[in-house]
Amino acid sequence: MDYNFKEIESRWQKRWAEQKTFKTENNSSKPKYYVLDMFPYPSGAGLHVGHPLGYIASDIIARYKRHKGFNVLHPMGYDSFGLPAEQYAIQTGQHPALTTETNIARYREQLDKIGFSFDWDREVRTSDPAYYKWTQWIFIQLFHSWYNNTSNKAEHIDGLIKEFENNGNTKVNAACSETKQFTAAEWKAFNEQQQQEILMNYRSTYLSEAWVNWCPALGTVLANDEVKDGVSERGGHPVERKLMKQWSMRISAYAQRLLDGLDHLEWTESLKESQRYWIGKSEGCSLRFKLQGHLSPSLSKGEGEEAGYHTTDSQMWNLLQDKALAMRKNPTPAENALWQYLRNNNTGSHFRRQQIIDRFIVDFVCLSKKLVVEADGDIHDYQQEEDNARTERLNELGYTVVRFRNEEILSDIDTVISEIKRELALKGKVLPSGEDLGGVVIEVFTTRPDTIFGVSFVTLAPEHDLVEKITTAEYKTKVEEYITFAKNRSERERQADVKKITGQFTGAYVIHPFSGKAIPVWIGDYVLAGYGTGAVMAVPAHDTRDYAFARHFSLPIPQVVEGGDIEKEAYDAKEGKLINSDFLNGLDVKAAIKRAIQEVEAKHLGKGKINFRLRDAVFGRQRYWGEPIPIYYKNGIPYTVEEKHLPLELPEVDKYLPTADGEPPLARAKDWTYSPLLGRGAGGEVLETTTMPGWAGSSWYFLRYMDPHNEKEFVSKQAADYWQNVDLYLGGSEHATGHLLYVRFWTMFLKDMGFVTFDEPAKKLINQGMIQGTSEKIIFTIAGTNSETTSPYLWYEEENKFVPTQISHSVRRAFYSAEISNLLYDTDKREINVDVNWVNNNTFNPIYFPEFFKRFPEYETAVFICKGGYYYKGTFYENPFGATGSREFKTKPEVEKMSKSKWNVVSPDKICDDFGADTLRLYEMFLGPLELSKPWNTNGITGVAGFLKKLWRLFHNNNTWSISEEAATKPELKALHRTIKKITEDIERFSFNTSVSNFMICVNELTEVKCNKRSVLEPLLIIISPYAPHIAEELWSLLGHKESIAYAPFPLFDESYLVESSFNYPISFNGKTRLNIELPLGLSNADIEKEVMSREEVQKHLNGGSPKKVIIVPNKIVNIVV
RNA sequence: GCCCCGGUGGUGGAAUUGGUAGACACGCAGGACUUAAAAUCCUGUGUCCUAACAGACGUACGGGUUCAAGUCCCGUCUGGGGUACCA
């Protein structure tokens, strides 16, 4: 019986499906093992041979773990919302659900052909309402939660509302957008709208204004990588930066936890590095630079005068003015006593009482000297923390705060007054009257506070709020010009042209906080508005970008850290001693950073601070084919859809395009309305029209697989407790900073809310490498091709050169076989990709000429020149001057990305048809280490196919089934057990390529001794079955087994079969191996040396001399040093 | 620029902890079987020198550590992937 893989494979695939061989239960006495694959997007192109690489590896692990007695969860499903289906819908009008359905069917068919052991009963699709119901449900949980920095986890928003009712927000330490402080009384006084607006600043998913890449022509927002050189990648339409109200996810709250969690994950180092970099923690400090001189002369007089009195914004003013007035009218006795001494310039300075500054009402303030005087009652003993925060904020604004207790004021008013006068005098000295009247302060963030004395200028982002305020009249025009330039540049050139240094001086100076020197303020677009404070203290000597800027504008470059050569380049390294730096001199960088932060904090110039690069993730999409966001708006305030009305199903629309006024496609839907009582479509409030991004559904799919049909919960507690997180995840590194960060974020969130008990989705993760395609190119010249009678150059093998020759065909275009084309003298050589299926071993197969002409009709009259002649219209003609060369027309191979457009896609179907699924599985593993990228070629596939035939033949004699029940011999058992050992080790370290080699070695050895013993071949089948399951099942059943091989226990390794009695020692001289000597095991080192030295061959190598030293490593090597 | 991963025969790759470099497979060459081809089997195959034995050289390049280096350290070159003015 021949090895008929087609018949065998289809039979077993059918049987596995019918008998639900790989159905997995959620309760089992066996230990659990969860192995998960990358979630595929079902694209129209179908699978190519690169896709199954990871799936085969994970399938081997899954099958291996079943043999090892684990209850294995190995599911598959589809990330089926997404852009390509929507694009296709826009072009053709076909509903994306239909396209998706077709594509999934094709994927499934291809996957089934490869013999994967997925539990298909657990399949999920993100676009299935039964699935996205729960995606929407999780969104609602996020909406109703906030991140408490004190407990360091997300909590339900009800707790926060209670806290507001009891204490206001002064004690709340939350990850939130910037929010004014308010008291409990104020909270209660706010109306619904005000309350909801404040809560929005705290929610884990929230509406906010965000800068996006808006493409008016497409009516949609584009991702950064969809924008190339300022225009949309698709269509080339202009893209502009636009501020848009968007749903966002507060992932930044998790920055520290996402970072810390990495230390405990068995992920590849490169992937963890990518995430660390993306999270981008930098420790440093904020630092305030005061503007020198009076208010900016470029401001109008009125504006400047007002500035001193307007110590808060209008919103706060409206909020607090009544209260301030009431407090003025009803002072406490102590306040009243003090006021009598402070009023009417009695102290020589002008005081105001109950003044609103920022979000506070202070008791007394002298604005010209920026001195705040507070009279504290007993209550302040209990709210010290709050007072400290308040003082800190006032300090930040440049005020000094002095506090007196009520008793002090009432009992000893004279001491209090003299204290206040002393403070006033002090302020007068430090800050000459009027100098800081405007109070303009530029705050910067720096990771190198040690280099504070190396600051030679300050640079603001062109978008920075202060730019307009501080620019002097003299530079006003130039600055405005620059800002216009930078804005345009940020749209178009900024991405493309990053090396170009641009900037503009503002005319303003700030005062160095330590040296008091004047420092010029510049604007430059190398400073990003969105990061840190949008301003940097430039230290050109020790920062490359500042250096380039300083060089370009000839600004000074003072060195403050020893080392490097600042004549040539910036010295960025955090190594060396500080110089020219006052109190930091002599310290090394690390110590100096600490010291500088201490000093900055002591002087209230700033604060030690940690900054993260990680931004909140924009969640809304102006698209159709995604999960609707379960939000409706009442008076413009967003509320979540009732849980009983989920899923909020995607509505039908007439077109998958934005509306005429730029609203997302969902705005086209009829009855896109909601009432909490009646549900969807019953009139009432308007629904949200944006949809969720692709990563929403994929951020929790690993949980749904555990309990895919649960209609009451997204996953049951029991299922989640049983399966826990993924034991092994296989995926590409391209998801490092997207999907793999979001899924960690959602898992942490779900844990915080008590829905699951683990906070990481996958314990171990391996990256599979990419399989690249090998394109086959053919080369042609275009010279003279306009004439129908052009004579091509033919190859004259004898003389090894081209000869122009008249041939009797009318010719347009000449293609040249690759091995001679480089000898062609013609600079205008071009190449086209031909279908890789037309090519074998870099040789174009002439039977495909008709297909070639069908695809390229313009080349129908081309000649294809080989060494021995040429093809014309598919027929071969010998060279007129003697046909001595080959008739093969060679192609030029080139490794490129596997893609339809390059005609180099190899579908796994073809391999399955030609060689079988087992061969495909083995061959993909045999190609090399899983994590390495490699080009696909089928050069070695015959070796793997041959191996399976050889395995088949072990069970047959002259095509007849032939199995012996005799006891196995020692060498047979040795071969088997060595293989068991190696395969086990290989699988455990995911070295699948070496296991295939080891199977080959084993089968070669057994073939050599003509082994057909059941006791050897049965265990061998089990260890091979994870790799080649079809042939294993077939032979297993032919051996008489009724049950599938899938759950047969993995054979136990028995060391005793491998015990040797001797070892063949390599004998090396000075590390170079010269000969081998077979010696019995268990000899002492001395005996070995004696035995070795006594050998004639060894003495011959010594050449009469005596060895200096003999090194003996038992069972390894003998090295003789001469 | 920065970060990460690589560089071993004609090719894919092996060498797991510093201990015989090139396992296994492809390709190539020669042979057997065959009218022939396919399939199958056998032999050889890192480079140089050699009739052969032997020998010399060899893991991108240059140094170093070691009895011993593909493996560890320093420097250089080079390929691939990621990322981008992140202060």
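Convention: sequence-line order gives letters A, B, ...; per-chain numbering from 1.
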Between A:Lys1116 and A:Gly943, which is nearer to the 5' end of RNA chain B once each is assigned its nearest nucleotide?
-> A:Lys1116
RNA chain B: A:Leu927 or A:Ile941, which has the more 5' nearest nucleotide?
-> A:Leu927
I'd like the [atom1] distance from [M] over to [N], given in whole Å.
N: B:C26; M: B:G9; atom1: C1'; answer: 13 Å
N: B:U8; M: B:G79; atom1: C1'; answer: 15 Å
N: B:A69; M: B:G22; atom1: P; answer: 16 Å
N: B:U50; M: B:G13; atom1: C1'; answer: 31 Å
N: B:G44; M: B:A25; atom1: P; answer: 14 Å
N: B:A52; M: B:A60; atom1: C1'; answer: 35 Å
N: B:C61; M: B:U78; atom1: P; answer: 15 Å
N: B:U47; M: B:G58; atom1: C1'; answer: 7 Å

Would you say the ring centroid of A:Phe553 lies under 6.0 angstrom from that of A:Phe457?
-> no
Side-chain N or O of A:Arg1074 closer than 4.0 Å to phosphate OP1/OP2 of B:A56 = yes
OP1 or OP2 of B:A87 sitting under 4.0 Å from any side-chain N/O of A:Thr544?
-> no
Is the closest basic N to carboxylate O distance between A:Glu985 and A:Arg989 below 4.0 Å?
-> no
Kindly point out which of [options] is positioned nearest to the side chain of [X]?
X: A:Thr942; options: B:U20, B:G27, B:A87; answer: B:G27
X: A:Arg953; options: B:C41, B:C24, B:U16; answer: B:C41
X: A:Ile1117; options: B:G19, B:A87, B:A23; answer: B:G19
X: A:Ser282; options: B:C67, B:A87, B:A23; answer: B:A87
X: A:Pro929; options: B:G82, B:A21, B:A14; answer: B:A14
X: A:Val1113; options: B:U16, B:G19, B:C26; answer: B:G19
X: A:Glu273; options: B:C85, B:C3, B:U20; answer: B:C3
X: A:Arg989; options: B:A87, B:C24, B:A15; answer: B:A15
X: A:Lys949; options: B:U40, B:A87, B:A23; answer: B:U40
X: A:Glu985; options: B:U16, B:C41, B:C67; answer: B:U16

Sort out the partner of [N] for me: Watson-Crick or G-U wobble, both distances under 3.5 Å, none otherwise.
N: B:C77; value: B:G7
N: B:A32; value: B:U40
N: B:C24; value: B:G12
N: B:A56; value: B:U47
N: B:G1; value: B:U83

Does the side chain of A:Asn959 come within less than 4.5 Å of A:Asp2's, by heavy atoms?
-> yes
Are any non-hydrogen side-chain atoms of A:Tyr742 and A:Ile251 less than 4.5 angstrom apart?
-> yes
Rounded to the nearest angstrom, tell me the gap between atom [atom1] in [X] and atom [atom2] in [N].
X: A:Lys1109; N: B:A68; atom1: NZ; atom2: P; result: 9 Å
X: A:Asn993; N: B:U16; atom1: CG; atom2: C1'; result: 12 Å
X: A:Tyr277; N: B:A84; atom1: OH; atom2: C1'; result: 6 Å
X: A:Trp278; N: B:A84; atom1: CH2; atom2: C1'; result: 10 Å
X: A:Arg615; N: B:A84; atom1: CZ; atom2: P; result: 11 Å
X: A:Ile1120; N: B:G19; atom1: CD1; atom2: C1'; result: 14 Å
X: A:Asn1076; N: B:G19; atom1: CG; atom2: C1'; result: 13 Å
X: A:Asn998; N: B:U16; atom1: CG; atom2: C1'; result: 12 Å

Testing A:Phe915, A:Tyr1027, A:Trp936 for ring-ring contact (aromatic ring centres under 6.0 Å, His included) with A:Tyr923, which one passes?
-> A:Trp936
At 4.0 Å (heavy atoms only), tell me whether [X] reaches a base, stays on the sugar-phosphate, or touches nothing.
X: A:Ile1001; answer: sugar-phosphate
X: A:Phe926; answer: base
X: A:Asn1004; answer: sugar-phosphate

A:Asn939 (side chain) and B:C26 (base): donor-acceptor pair under 3.5 Å = no
Syn/anti state of B:G9 by chi, 90° boundary around 0 | syn
Do A:Ser252 and A:Asp616 have a side chain donor and acceptor closer than 3.5 Å?
-> yes
Anything under 30° is parallel, anything over 60° is perpendicular, the rest tilted; go ahead and classify A:Tyr3 against A:Trp952.
-> tilted
Which of parallel (below 30°), tilted (30 to 60°) and perpendicular (above 60°) describes A:His542 and A:Tyr571?
-> perpendicular
